[in-house]
Each structure stands twice: as structure tokens, then as C-alpha cells.
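Structure, as C-alpha cells:
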There are 2 protein chains.
Amino acid sequence: MKIDPASPADLSAQIAKAIRDAIIAGELIVDERLPSEAELAEQFAVSRSTVREALKRLAAQSLIRTQRGAFGGAFVNRLSYADAYGQQITTSTLLLSMNAVRFDTACEARFALERACAPLSAERRSADHLATMRAEIFRQKQPGLTDEAFCASDVTFHRALVDGAGNPVLSYQLAGAVEAMQPLMNMITFTARSREAIVALHGAIADAVEVRDGPAACDGLSALESYTVGLARSIMEDRARRGK
Amino acid sequence: MKIDPASPADLSAQIAKAIRDAIIAGELIVDERLPSEAELAEQFAVSRSTVREALKRLAAQSLIRTQRGAFGGAFVNRLSYADAYGQQITTSTLLLSMNAVRFDTACEARFALERACAPLSAERRSADHLATMRAEIFRQKQPGLTDEAFCASDVTFHRALVDGAGNPVLSYQLAGAVEAMQPLMNMITFTARSREAIVALHGAIADAVEVRDGPAACDGLSALESYTVGLARSIMEDRARRGK
DNA sequence: CAATTTTCATTTGTCAGACATTTAAAAGTC
DNA sequence: GACTTTTAAATGTCTGACAAATGAAAATTG
């Protein structure tokens, strides 16, 4: 691992990259201890503060964890599904909010991906997954539920559908698509009638998953996509008219 | 934005979280300048080094960028698709390599997601996307191509298919699934016969996309998935036998 | 007056050294 | 042998300093 003191980039960024590359290349394996900050400082011929900034960068990506005390130090971290989920959700959410992504673009992506899961989920879902879906549908019927709570329940429902496929890699990939939609959905005010329509579609999807009918689940998702996009569009147009 | 000096977590992690939350909540908007390190140090009642470590954490997630000099400082960064792609690929790759994910699990996720794109891509792909797919097929036919180059071309082919859907959010979500498979694919040694089979399936997919036949493209992807999983399995079994 | 150069204040990047805190192993004690 | 104390090693934090970059303002020049 070498760095170039003449490079325009910050030393701490270069050092972080060198260590990151070593981890990705497998030169540093999970739970292996990195040299102490003092040793790294000597190796790279920089000060300890510079090394520390590099290590903090890696910690922010969950690539290492640090432990204080004797025999402590920085250890290569096993990237857990939970960590990866979190990063995926943060990145997706910010990507959507900072780039003025159209509602229907995000919605299309989300439902296309969910339809990819639906046949697998219909085939493999456990009783638990189905129970969660039913419970969330029940919750969504409650009057007096705030829009935020309704959206949160919507996310839980769809996550249960995705998780039903029993493929953690798929669940990880979908986490961003499903969760990042929530802030966009929160911009919608749901009327009693629109909630009723959505709950009915959720029911149809749950029914399809219950009888292990993948294509029917896909159809339900497609119908939900059309309805959601139409709902958002009519609300946006309404706001534009009032804005005049 | 407040921090709790009595919390068990590091101060720099707390400060990073406080700023990150402010960005996500929209309290700090894109291109807005954060207070200088000295001012932040005063606000949070910590030293400048602690503030710097917090800022480096945020920089590692592409949430801020820094600029030296007068009127420089830390600015809230617009998370670009390119940055998001990169993070997604790094995270996905590490997740697969560090968690001993089975080849067929990752493969199933990847092809399920690609099938989600196929109908959209068949409908909307430009001539460019199709040309890229054809060019990569041509490249894959070249004798003397290394396995690494074959896999890289495979990734390019599939990315063209995904990008053909014309939905950047979808492309972003798929980036991880497609690219993270490459290290796993690189573990396979491709015989002339297996390459021929794969290239033929690529051709079938390209044909389907050319005539805008989404279902046929999906079928091609399914066939490719079965073939790839079978190939990997037979190679693994072969290695296990020889290992005896 | 306009264009160019110089100065200058501000801010990040890096360094050195110090002390506090945590932690587990090692030594000591009963 | 079980418990307590000591100790060494490591990270976390603070202070103060200087280097380097950078854009604005001031000075200079034609």
C-alpha cells in the first residue's frame, strides 16, 4: 500500500483508498486487525491525525470498526446485511430528494423491481410474511391513521412481500427502492376513498400471494402502480391549479 | 443541532450524525456552505480535529465536498447518479464477498431484477443500446479473450440492457446487482463451449429486444440464469472432486 | 480609466505533542 | 484458586502551530 505525496488529492483520502482497495482485494480479511494509528502514521509517513481522518472515512462506510484499549485498534468489519440496508436506504433517499426525480420515474422503478420479487415471494413466502401483510392491511383500514403512519405501514407491507422471496440479496437491493419512496409518498394527502382503493389492491396482492399465484400478484402490483401514479398526478395538477 | 457529551459514542460520530440528519431533513440544502471548522468547533464545543473527523465521515459518503482557501469550506454535495452508482457497487460487492453468499442466491437476485427491466428496455431501448449489446456479443466471440475480459464484456452487455429501460433510478438500483456479480463470475473458467452457449443466449436476448418483444427477452434471461447456475454448479462439483 | 499585479485575510490540510479514557493482560494479594 | 491492583497499549480529544490554496480587495501600471 503506497500513497503519492505529490497527488492533488488529500493524503487522508489517498490513505483511505489504499486501505479500502486492500480490503476489497481481500488482502485484509474480515476481523483482521490493522496496524495501530501510530504504526500506520509511520508506514505512510504522515501524522497520526491524517491517519485518523482516513480511518474515520472507512468507518463511515462500515468497512472498519474501532475498539479502544490495549489490544484494541481498527478491525476489518464484516459488512452485515443490516449495515448494507442502512447505507442503501440513505443513498437512495438522498439521490431521489436531491435530483428532483419525477414521482412516476421512481414509482416505475419501484414497482418493476417488486414485480421481480412477486413470483418468488408467492412461491416461497412463509406464514409469517403473509400474516404481516394481512396485519398491515388491517392497520391501514383504521380511521384516524395519519398519512405518515399510512405510508409507513405501506412500506412494511411491501417489505414483507419482498422478504417473502427468501433471498437476502434481493431484499437488500429492494430496500432502497421501497424505503426511498416513502418521503415522496408522504407528499400525497390520502383521501378516505384513495386509501380504500389502495387497501383493496393490497388485499388482492395478499390473496394472490396466499394462493401462491405469482402472476396475479404481479397484476395486483401493476394495478397499484397505475393507481398510485394517477393519484399523484391528479394531486399535483390540483395543486398547480390552486397555485394559479 | 445538538450533541450529548455523555453519550458512549464518539463525539465525531455524533457530530457527523447531527449534520447528516440535517441534510436528510432538508435543513441544509444543496450547495449550502457549512460553517467553517473553527465555527463548528465552537458551536459543538469540541476541538477542530474532532470536527474534521466528523466532516471526513460525511465526505466519505459524498454528502459534502470541501474546498480550500478564502470563501472555501464544506458544502452540501448534490449526490450525483455517478456517486450513488459507485457507492452501490462498492457496498454490494463487499456484501457478497464478506458474507459467503451462494452463487445461485446472487444469481437469482440479479436475473430477477434484470427481468424486471427487460420489458421496459424492449419497449424503449434506443438504437445505441442495441448497438452496444451487439458489439459486446461480437467481442465475446473473439477467440483468445481472457475470462476477465469476457466477464467485463458480459457486464457491459447487461448494463446496456438495463440502461435501455431509460429509467435512471432503475439503472442505479441494478448497478449493484449486475456489477457485484462480476467477482463471482470471475471465479468461473469458461470453456469454448460454455462461451458459445452464453453468446447464443445473449444473441437471443438482443434479438428479442430488437423486435421489442419483452416476454421473449425475459425468457432469454431465464434461460441464461439456468445455464449460468448450472455451469457454476458443475464447476464447483468438479473442483470438489479433484480436491479429494 | 482599464487591465494587471500584488497583497491579504480566510479556510482547509497537515503536523507535533500532550493528556484522558478504555481495556485486557499481567502481577500481586488473600 | 479467586479476587484485586497494576500496567501497558491503544484510541479519543485537545491545543497550538504552520503550510497551502484561493478569491477578494488594494495597489500598480499602461
Side-chain angles (χ1 to χ4, degrees), chain A residues 1-20 23 28 30-77, chain B residues 1-20 23 28 30-77:
Chain A
M1 290 193 293
K2 288 267 171 69
I3 56 171
D4 170 19
S7 159
D10 297 346
L11 291 176
S12 70
Q14 287 184 62
I15 293 170
K17 181 176 189 319
I19 299 176
R20 186 183 305 117
I23 294 175
L28 295 168
V30 168
D31 291 335
E32 184 171 340
R33 182 179 172 282
L34 272 65
S36 72
E37 294 175 355
E39 286 173 295
L40 286 171
E42 200 177 1
Q43 277 184 34
F44 287 112
V46 298
S47 72
R48 204 186 133 208
S49 0
T50 304
V51 167
R52 279 183 63 77
E53 288 176 11
L55 294 180
K56 294 309 156 205
R57 294 178 118 108
L58 299 174
Q61 296 180 301
S62 307
L63 291 183
I64 61 168
R65 61 178 184 278
T66 55
Q67 214 171 3
R68 304 225 290 197
F71 296 78
F75 297 84
V76 178
N77 200 25
Chain B
M1 290 193 293
K2 289 265 173 70
I3 57 172
D4 169 21
S7 157
D10 298 346
L11 291 177
S12 70
Q14 287 184 63
I15 293 171
K17 182 174 188 320
I19 299 177
R20 181 165 36 238
I23 293 176
L28 295 168
V30 168
D31 292 334
E32 184 170 341
R33 182 179 173 282
L34 273 65
S36 73
E37 294 175 354
E39 286 174 293
L40 286 171
E42 199 179 359
Q43 276 184 33
F44 287 111
V46 298
S47 72
R48 203 185 133 209
S49 14
T50 304
V51 167
R52 280 183 63 78
E53 288 175 12
L55 294 181
K56 294 309 153 203
R57 296 176 115 110
L58 299 176
Q61 296 180 301
S62 307
L63 290 183
I64 61 169
R65 61 178 185 279
T66 55
Q67 214 172 4
R68 302 223 282 196
F71 298 77
F75 297 84
V76 178
N77 201 25

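Throughout, a chain's letter reflects where its sequence line sits, starting with A, and its residues are numbered from 1.
The interatomic distance linking A/Gln14 (CD) with C/dG13 (P) rounds to 13 Å, in whole Å. In this structure, CG of A/Leu34 is placed 13 Å from P of D/dA10, rounded to the nearest angstrom. Taking atom CG on B/Asp10 and atom C1' on D/dC14, their separation rounds to 15 Å, with Å as the unit. Rounding to whole angstrom units, CD1 of residue A/Ile15 and P of C/dT14 are separated by 8 Å. Rounded to an integer number of Å, the gap from A/Glu39 CD to D/dT11 C1' is 13 Å. Going from atom CG of B/Leu55 over to atom P of C/dT14 covers 14 Å, rounded to whole Å. Taking atom CD of residue A/Glu42 and atom P of nucleotide C/dG17, one finds them 13 Å apart after rounding to whole Å. D/dG12 atom P lies 6 Å from atom CD of A/Glu37, rounded to whole Å.
Both B/Glu53 and B/Arg48 sit near DNA chain D, but only B/Glu53 has its closest nucleotide nearer the 5' end.
For A/Ser49, counting side-chain heavy atoms from C-beta on, the closest listed nucleotide (D/dT15, D/dT13, C/dC15) is C/dC15. Closest to the B/Ser47 side chain, of the nucleotides D/dT11, D/dA9, D/dC14, is D/dC14. In the set C/dA24, C/dT14, D/dC14, D/dC14 carries the atom at the smallest distance from any side-chain atom of B/Leu11. Of the listed nucleotides (C/dA9, C/dC15, D/dG12), D/dG12 has the atom at the smallest distance from the side chain of A/Lys56.
Proximity of A/Thr66 to the phosphate of D/dG12: a side-chain N or O atom is located under 4.0 Å from OP1 or OP2. Under 4.0 angstrom from either OP1 or OP2 of C/dG13 there lies at least one side-chain N or O belonging to B/Arg52. In this model, the phosphate group of D/dA9 is not approached by any side-chain N or O of A/Ser36 to a distance below 4.0 Å at OP1 or OP2. Here A/Arg68 does not reach the OP1 or OP2 of D/dA9: none of its side-chain N or O atoms lies under 4.0 Å away.
Under a 3.5 Å cut-off, the side chain of B/Arg65 and the backbone N or O of B/Val76 do form a donor-acceptor pair.
At the heavy-atom level, A/Arg33 lies under 4.0 Å from the strands shown only through sugar-phosphate atoms.
Atom CD of B/Glu42 sits in a sparse spot, with 12 or fewer heavy atoms from other residues, nucleotides or ligands closer than 6.0 Å.
For the side-chain contact (heavy atoms from CB on, under 4.5 Å) with A/Glu32, the qualifying choice from A/Leu28, A/Val30, A/Leu34 is A/Leu28, the only one to do so. When the options A/Arg57, A/Arg52, A/Lys56 are evaluated for a side-chain hydrogen bond (donor to acceptor under 3.5 Å, both in side chains) with B/Glu53, the one that passes is A/Arg52.
Contact check for A/Ile23 versus A/Ile64: side-chain heavy atoms found under the 4.5 Å cut-off.
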